[in-house]
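By convention in this document, chain letters (A, B, ...) are assigned in the order of the sequence lines, proteins followed by strands, and residues within each chain are numbered from 1.
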Amino acid sequence: MIELKNLGKTYQVGTVEFHALRGVELSIAKGSFVAVVGKSGSGKSTLANLVAGIDRPTSGKILMEGADLAGLDEDGLARWRGQKVGVIFQSFQLLPTLTVLENVMLPMDFAGVSVAEAKPRAMALLAKVGIEDQAAKLPLSLSGGQQQRVAIARALANDPALLVADEPTGNLDTRTADEVLDLFTAFADQGKTILLVTHERDLSSRVDRVVTLCDGRVESDVVGGRARLGGSHA
Amino acid sequence: MIDCRFPPRWSKLWRDARLEKERVFLMFVALAVSLLAVATLVGAGKILRREIRTNYLSTHPAMATLEIDRAIDASLVEKVKGFAGVQEAEAHEVVQARVQVGDDWLPLLVFVTDDLSGHRLSRYFPQSGAWPAPTGTLLVERTAMKVLGVQQGQAVQVKFPNTPAQRVPVTGIVHDPGLSPAGQERMGFAYASAATLQALGEDPSLHELRVTFAMDLGSTAQVRERAEVLAQALVDQGVEVHQIRVPPFEYHPHQIQMETVLLIMVSFSVLAFFLSAVLLATTLSAWLSRQTRELAILKTVGASSWQITGLYLAFVAALGLSASVVAWTLGSHAAVAFAGRLAAMLNFAILDASIPASAALIVFLGGVGIPLLVAYIPIRSASRATVREALSDWGAKVAAPGSWISNLPRSLRQILRRPRRLALSLALLGFGGAVFMTALNVRDGWTANLDKVWQTRHYDVEVRFRTAQSDSVLAGLAGVPGVRRVEPWGWSPAGLARPGKIDLVQVWPDKGHGSLSLVAMPVGSALTSFPLMAGRRLSETDTDGSVLNHIAWIQSGKPRLGEAVLVGIDGRILSTRLTGVVEEVGSPAVVYVTPGAFARFRSTQGRSRMIRVVTTATSPVERTEILHRLERAMEGKALPVQMAIPFSELKTAIGDHMTILVNSLLALAGIIAAVGMLGLASVTGMGVLERTREFGVLKTLGATPKVVLGMVMAEVLWIGAISWVLACVAAFPLTWAMDALIGSLGFLAPLPMVIGWVGPVVWLVAVVAISAVSGWIPARRAGKLTIREALAQVG
Ligand SMILES: Nc1ncnc2c1ncn2[C@@H]1O[C@H](COP(=O)(O)OP(=O)(O)O)[C@@H](O)[C@H]1O
Ligand SMILES: [Mg+2]
């Protein structure tokens, strides 16, 4: 259960203050698949970053299972992120000098998992996203869709309960994007909580909820097709 | 199965480092070279300190020497041996003779014992020839052979105190590690038995009672105490003790010289190494800033800032460790070679060339520790950057341009954009330049200090007599052709006196090192011009005043003006008040009093024991001729000359100590310059590389490669210029500190502060040249990149 309470984020640009989020109230049930949509600049990425613990709010609270994220220092937050959250970016953010396999093993490395244990697990994850045959390659030699699959496998490395994805399909063509979205649906079916930022509107049938942001506020919050089909394991 | 044996973070570090291999190699070379210098000097220092001690102790140096005013016989020696705590006692004598070398008469110290080969204190070791020497012949210290210009088997012309000059054969060569090298002292050292003295017609009696005490942990203070108790006991039994001589405990007379040279060189090598560590930190910080995005990814997937810090610290440690291994492997050989050369200069033998493990410990701890310490700051700050800043396209914070910044030229504004990096680069270059200039300044300061030796003395020769001679006879020497002026000065060896106690001095057996003289300078004499450090000079009316040279002032515990200074000679005390302190470089301790006070104290009215002579000579050859005439005139008047020291000899004697110091300092300055230049090249290259993308953007806006090149060059030259100014400024306090440190150790007074122009000019030329080359190459490459290539570079 994730609760956002009166969440606000203000950026300081020179002497000007810019309110990217204001008074966002949202609670996301465990296991639900939530899409966040809205125009460019509406604050979607800001929200995703706050939920993933990449950035800190300037006002309000984020409660994870009842605990305030503000109580963690930077290193605590990093450890928490490594164990509990998988983050996926639009631009993949893979490490260019590591192989696909190593990229996936990386979160396990920082979490203290031995190479011997991490390697088969990473291979299994790559198999799950369908690119185990690319494991020895460097990310830049892969196609965009393949790279995003690596990023997804990496996000799943420590088997986190929460996945936060910021426009994961933004750099992909429609067909590849569909395949990637299928992966998310599959993970949702396995019980992961997913926050998916996207500007693809026709997603509502796949998700439990669609939250629309506008100028940093929640404009609407509607139930999606998946919830009605009873796909959520809340 | 795919090969992947290492945790991925280490694989990342390893592969990233390999992508940077040129720069990593540069860092390694800088660390290794400067650490090699450290290892060589630290290792050599450890060997030398141990060996100078074993050599010195192998002679069984006397801890104390009691000057007795009658001939010491066997029963007295036995009696002293029977005193509680006395370990060894033995009768010795040091005769101050003169020896002819070419046409000159040099001082010759003849060390005399009853038994030439079997004595137990102040020993020396046979090198070749007769052992012991047949009666009537001399043994000569090996470093003195060159000074005397004789071969074993030849004879030398010697003037002993009481007999006319006579030829004495040299039948053997010995090594005496208890003395400073004869060449540096410009005198001869010879050894004879009492029987030989007798055979030569001299007084064979021995007056020096040399003793050692049984002690667990000795110290100079403890030896003094024991020696005083012993001397007092002898006095109580009716044995007259004139003076107690206690040289610093287990300390070779030239050890301080060696320590000074080592200190200078070790400090500069450590500075060079520190500079390399700064270079490493600078390079690393640039590397890390290019890794910002990747570090943020690591943190996103759960790396804590300490895990990242640890990763890069491990990299630094590995680099430091490999540099240490190389430095130690080569340095331990270089240390032995260097120690050998210095030992030869100081006339001691390296019996054991092993380097103590503590030297290795210093090299490895420093080699790994200092880079870690210096690199910690940039590493820690890079690992703590927040993820959002690094990943968002909102990018690096651009300093809000203040009004003064926007008025600056564009290239200058550009380098101010990254203030932290700029600060590191400037620190690196400025520090390198400052150390380079300081090394040269210290060398010049040292030379200038030695120049003072002759700038402050305006006479050609100083002659000391065995006893005070009539001033009117001495004045007659002014008639010798070529002699312009003869000034009689009062002179006597003396000690600082303590009322009610026997005089105690800290003189080594050569009677020169650590000695103190009481000197009467004719009031208003123009023959010396030692600068006043405090108070004022003596006038005729200062009958109880004294001026101390700085060495005597320090020896006497730095009294304040007006405080009492007590000088003792032969058990009598002259009580004076301090009126001034002069800086007198190149002499042992001297207490100056007025001629009137001196004559009253010594009862030498109308007589003097020293003359200082000015000649009309305009060339060394002429001076030598005049001195020979003077020598003959003194012989004609039967003046008992104890020693005549032509001033040029003093000059060479001190100058000789110098060469190795100057050369080593220059070598170290070279290493420092090289590290600084490596740093400049690397910083410049990186700066350009980082901005490849920016140049791409500029080119889309129409900038030609030439414009890009011009931009880069302007920026690089700005950095070079600013760092040069900083280096020049920083060289002042650094030179001041080094001059103070080295001067106080070597001369008991700071070296004169010389700020040379060669250092700054050389550094400026080098900075401009290296900036130009190291900026030009990458800038040209950047200028030639197509826009697409440039923009594709990961930022
Ligand atoms: N680091 C930043 N500094 C200043 N303004 C920012 C920063 N990041 C985002 N913004 C502003 O905040 C608003 C929300 O941005 P973002 O959350 O990225 O929107 P979205 O992802 O919906 O396009 C935008 O108007 C953007 O200009
Ligand atoms: Mg966005």
Side-chain angles (χ1 to χ4, degrees), chain A residues 11 13-15 45-46 49-50 52-56 73-87 89 91-116 118-120 122-123 132 135-138 154-155 157-158 160, chain B residues 1-21 287 290-311 380-395 397-402 792-795:
Chain A
Y11 293 111
V13 182
T15 54
S45 296
T46 304
N49 286 345
L50 292 180
I54 285 174
D55 202 0
R56 290 183 186 271
D73 63 5
E74 283 302 316
D75 284 341
L77 209 54
R79 265 190 299 275
W80 169 78
R81 214 164 34 228
Q83 306 277 354
K84 300 280 162 63
V85 192
V87 189
F89 300 95
S91 48
F92 323 135
Q93 306 288 16
L94 299 171
L95 293 184
T97 51
L98 291 186
T99 62
V100 162
L101 177 67
E102 286 164 335
N103 263 287
V104 178
M105 286 165 67
L106 200 57
M108 298 187 244
D109 184 13
F110 288 117
V113 178
S114 71
V115 173
K119 209 162 131 181
M123 284 308 291
E132 69 268 44
K137 293 190 180 160
L138 289 176
R154 184 179 68 185
N158 286 324
Chain B
M1 192 80 180
I2 297 149
D3 187 48
C4 158
R5 269 163 298 160
F6 303 104
R9 60 178 125 163
W10 300 109
S11 308
K12 166 179 160 49
L13 182 67
W14 171 247
R15 284 177 215 150
D16 290 350
R18 279 190 31 189
L19 285 179
E20 299 275 328
K21 55 178 173 290
W287 186 29
R290 260 174 296 139
Q291 294 255 323
T292 310
R293 185 174 286 263
E294 297 197 11
L295 296 187
I297 298 171
L298 296 185
K299 292 178 101 176
T300 306
V301 303
S304 73
S305 65
W306 286 110
Q307 284 172 321
I308 294 175
T309 304
L311 199 61
R380 191 69 193 131
S381 84
S383 359
R384 290 178 70 163
T386 65
V387 181
R388 204 260 309 150
E389 272 169 22
L391 287 182
S392 90
D393 285 327
W394 288 84
K397 281 189 224 129
V398 179
Q793 299 258 334
V794 205

Heavy-atom distance under 4.5 Å to chain B: side chain of [X], backbone, both or neither?
X      : answer
R56(A) : neither
L94(A) : backbone
N49(A) : side chain

Check each atom of W306(B) against the heavy atoms of chain A and say whether the ones under 4.5 Å are side chain, backbone, both or neither. both
Heavy-atom distances under 4.5 Å only: say whether R384(B) touches chain A with side chain, backbone, both or neither. neither
Among the options A78(A), S45(A), G82(A), pick out the one with the most heavy-atom pairs lying under 4.5 Å from chain B. A78(A)
Using a 4.5 angstrom heavy-atom cutoff, name the option from N158(A), T15(A), L95(A), V87(A) with the most pairs to chain B. L95(A)
Report yes or no: do S305(B) and R380(B) form a side-chain donor-acceptor pair below 3.5 Å? yes
Judged by atom type as modelled, is there a donor-acceptor pair below 3.5 Å linking the side chain of R9(B) to the main-chain atoms of D109(A)? yes
Nearest 0.5 angstrom please: I308(B) CD1 to Q291(B) CD, how far? 10.0 Å
OG1-CG distance between T97(A) and L138(A), expressed to the nearest 0.5 angstrom: 8.0 Å
Any idea which of G302(B), S304(B), P8(B) has the most non-hydrogen atom pairs under 4.5 angstrom with chain A? P8(B)
Where is the tightest heavy-atom contact between L101(A) and A122(A), given as atom of each residue plus distance? CD1-CB, 3.6 Å
Salt bridge flag under 4.0 Å for residues K299(B) and E294(B): no
